[in-house]
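Worksheet: one structure, shown below.
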Amino acid sequence: MRELMVAGNWKMNNTIDEARGLVIRLMPGLKGIDGVTMVLCPPFVALESVGLLVQDSGVAVGAQDMYHEANGAFTGEVSAKMLAGVCEFVIVGHSERRSIFGETDASVGRKVAAALEAGMRPIMCVGEKLDERQAGAAEDVVDRQVRLALEGTAAPDGLVVAYEPVWAIGTGMAATPQDAQSMLAHIRRLLSARYGEGTTTGIPLLYGGSVTDENVAGFARQPDVDGALVGGASLKADSFVGIVRTVAEVGQG
Ligand code: PGA
């Protein structure tokens, strides 16, 4: 059976107090929803506070990045082993990490492998830029990103993949549900070829990029879209609850 999932990427927003406030506003709405894995990804400093507030509620917590080494002289970095004590998920290879902080396909691959090894669930992000789509190279770019990000991963148990076209992130210009479906179906084929047919139902495939409570139903209706990775709309309690509720209703329907 497919695992449905909605993850909120708060990015560099919310102090610890603001994070607590948002969780307190979210919880009444999220509590009644079944059948969707719900993940909140606050900044590092708020992971523990958010984790305490959602304890035993069925809502999970995720970090937004990590480093692949377990420990050592890597000033400013946090390892999967450290995160595994505070949260279950970690976003890896987000396009902002790639474009602003210079992450490469190879470094994303090391992070995915290290996260899985530490028993965490990486939400591995891939997606093409606008000029790459316009040049007809979107599938080739995503092929390369998926292949290199999984190079060191023999068993993908726990993996989540998010297709986030860069041009759709934070722009209000979401991909069409058909574009999301077609790329995620393509990614499912890549994963099947690499790991075997049966394994891909255990890997939630998410769409991300300007998802809102208004447009999410169109994505959730697609056969290869198992949910969403949400940025901006995850900072507003009503919008995020609406997105999760819609994925629960439409995705299971
Ligand atoms: P957005 O961000 O929903 O604000 O477009 C998505 C993301 O970056 O994960």
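Basis for what follows: all heavy atoms, side chains included, without hydrogens, waters or symmetry-related copies. All ligand and atom numbering here is 1-based and tracks the order in the structure. Numbers here simply count residues along the sequence, with the first being 1.
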> Within the side chain of Glu151, is there an N or O that forms a donor-acceptor pair under 3.5 Å with the backbone of Leu148?
Replying inline: no
> Under 3.5 Å, side chain of Arg121 to main-chain N/O of Val90, donor-acceptor pair present?
Replying inline: no
>> Between Arg97 and Asp65 (side chain of the first, backbone of the second, donor and acceptor by atom type, cut-off under 3.5 Å), is there such a pair?
In response: no
> Backbone, side chain, both or neither: what part of Asn9 comes under 4.0 angstrom of ligand 1, heavy atoms only?
Replying inline: side chain
> Pick one: which of Arg147, Arg110, Arg144 meets salt bridge (charged side-chain N to carboxylate O under 4.0 Å, His left out) with Asp105?
Replying inline: Arg144
>> Is there a polar contact between ligand 1 and Ser210, counting only N or O atoms under 3.5 Å apart?
In response: yes
> Hey, what's the ring geometry for Phe219 with Tyr207, parallel, tilted or perpendicular (30° and 60° as the breaks)?
Replying inline: parallel
>> Show the nearest heavy-atom pair for residues Pro165 and Ala175, with the distance to one decimal.
In response: CG-CB, 4.2 Å
> Side chain of Asn215, backbone of Ser210: donor and acceptor closer than 3.5 Å?
Replying inline: yes
> Does any N/O atom on Val230 come nearer than 3.5 Å to any N/O atom on ligand 1?
Replying inline: no
>> As an exercise, identify every atom of ligand 1 less than 4.0 angstrom from a heavy atom of Leu229.
In response: 9 (O)
>> Could you tell me, atom by atom, which parts of ligand 1 come under 4.0 Å of a heavy atom of Gly232?
In response: 1 (P), 3 (O), 4 (O)
>> Determine whether a donor-acceptor pair (N or O, by modelled atom type, separation under 3.5 Å) exists between the side chain of Glu103 and the backbone of Val108.
In response: no
> Any idea which atoms of ligand 1 are less than 4.0 Å away from a heavy-atom of His94?
Replying inline: 7 (C), 8 (O), 9 (O)
> Which of the atoms in ligand 1, numbered in the order shown and given with their element, are less than 4.0 Å from a heavy-atom of Gly209?
Replying inline: 5 (O)
> Nearest heavy atom to atom 5 (O) of ligand 1: which of Gly231, Ala7, Gly170, Gly8 does it belong to?
Replying inline: Gly170
> Any idea which atoms of ligand 1 are less than 4.0 Å away from a heavy-atom of Lys11?
Replying inline: 2 (O), 7 (C), 8 (O)
>> If the cut-off is 4.0 Å to any non-hydrogen atom of Ala168, which atoms of ligand 1 fall inside it?
In response: 5 (O)
> Quick one: nearest non-hydrogen protein atom to atom 9 (O) of ligand 1, plus distance?
Replying inline: Glu164 OE2, 2.7 Å
